[in-house]
Amino acid sequence: MPPKFGSSAPKCGVCAKSVYAAEASPCTVDGKTFHKSCTLCSDCRKGLDSTTICENESKLYCKSCYGRKFGPKLFGFGGGGAIAHTE
């Protein structure tokens, strides 16, 4: 019987390949482990760390792209007040 390689290593939340300790990112989201090379923003491809990582529907985002995509949309800048609108 051939040996099973990577059977006990956790799977990357982005590429679904085995993540070994030497290549693991210190960032985890909802218990998912990632490769260092896989912790990139889905929109701008900027590298992420534990202070800038955000996740939505199993995709990783930096804080600015996450806010731009999923944050409140504001109308009425410069008038009296602003009205918040979410999609």
Side-chain angles (χ1 to χ4, degrees):
M1 178 194 262
K4 294 181 181 178
F5 295 105
S7 61
S8 65
K11 302 296 181 190
C12 178
V14 175
C15 69
K17 295 181 182 177
S18 296
V19 179
Y20 300 102
E23 57 192 13
S25 171
C27 303
T28 59
V29 177
D30 294 332
K32 297 176 190 170
T33 307
F34 302 97
H35 292 108
K36 289 177 187 173
S37 59
C38 290
T39 52
L40 299 173
C41 177
S42 295
D43 282 352
C44 68
R45 308 302 294 167
K46 183 170 52 172
L48 303 173
D49 61 21
S50 62
T51 61
T52 60
I53 194 168
C54 296
E55 185 257 348
N56 188 10
E57 296 178 0
S58 299
K59 291 186 178 180
L60 301 178
Y61 298 96
C62 64
K63 281 191 175 187
S64 59
C65 289
Y66 183 86
R68 193 176 319 118
K69 220 173 166 144
F70 305 107
K73 312 293 186 243
L74 298 175
F75 299 103
F77 293 107
I83 301 170
H85 172 74
T86 58
E87 292 184 79

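Since the model is a prediction, treat every value here as computed from it, not as a measurement. We count residues from 1, following the sequence as given.
- In this structure, H35 contributes its side chain and Y20 its backbone to no donor-acceptor pair below 3.5 Å.
- Of all heavy-atom pairs spanning K11 and A16, the tightest one is CD-O, 3.6 Å.
- Taking NZ from K69 and OG from S64, the interatomic distance works out to 12.5 Å, rounded to the nearest 0.5 Å.
- With hydrogens and angles ignored, the 3.5 Å screen pairs a side-chain donor or acceptor of S42 with a backbone N or O of L60.
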Show me the donor-acceptor pairs within less than 3.5 Å that the side chains of residues 46-54 make with the rest of the protein, sequence neighbours left out.
from	atom 1	to	atom 2	distance (Å)
D49	OD1	T51	N	3.0
D49	OD1	T51	OG1	2.8
D49	OD1	T52	N	3.1
D49	OD1	T52	OG1	3.1
T52	OG1	D49	N	3.1

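- Of all non-hydrogen atoms in K36 and A24, the two that sit nearest each other are CE-O, 3.3 Å.
- Among pairs with a residue in residues 42-66, those fulfilling ring-ring contact (aromatic ring centres under 6.0 Å, His included) read Y61-F70, Y66-F70, at least two apart in sequence or across chains.
- Partners of S58 according to the side chain to side chain donor-acceptor pair (under 3.5 Å) rule, which considers only residues two or more places apart in sequence or in another chain, are K32.
- With rounding to the nearest 0.5 Å, the separation of CD in E23 from SG in C12 is 9.0 Å.
- For the residue pair V29 and F34, the shortest heavy atom distance occurs at N-CE1, 3.9 Å.
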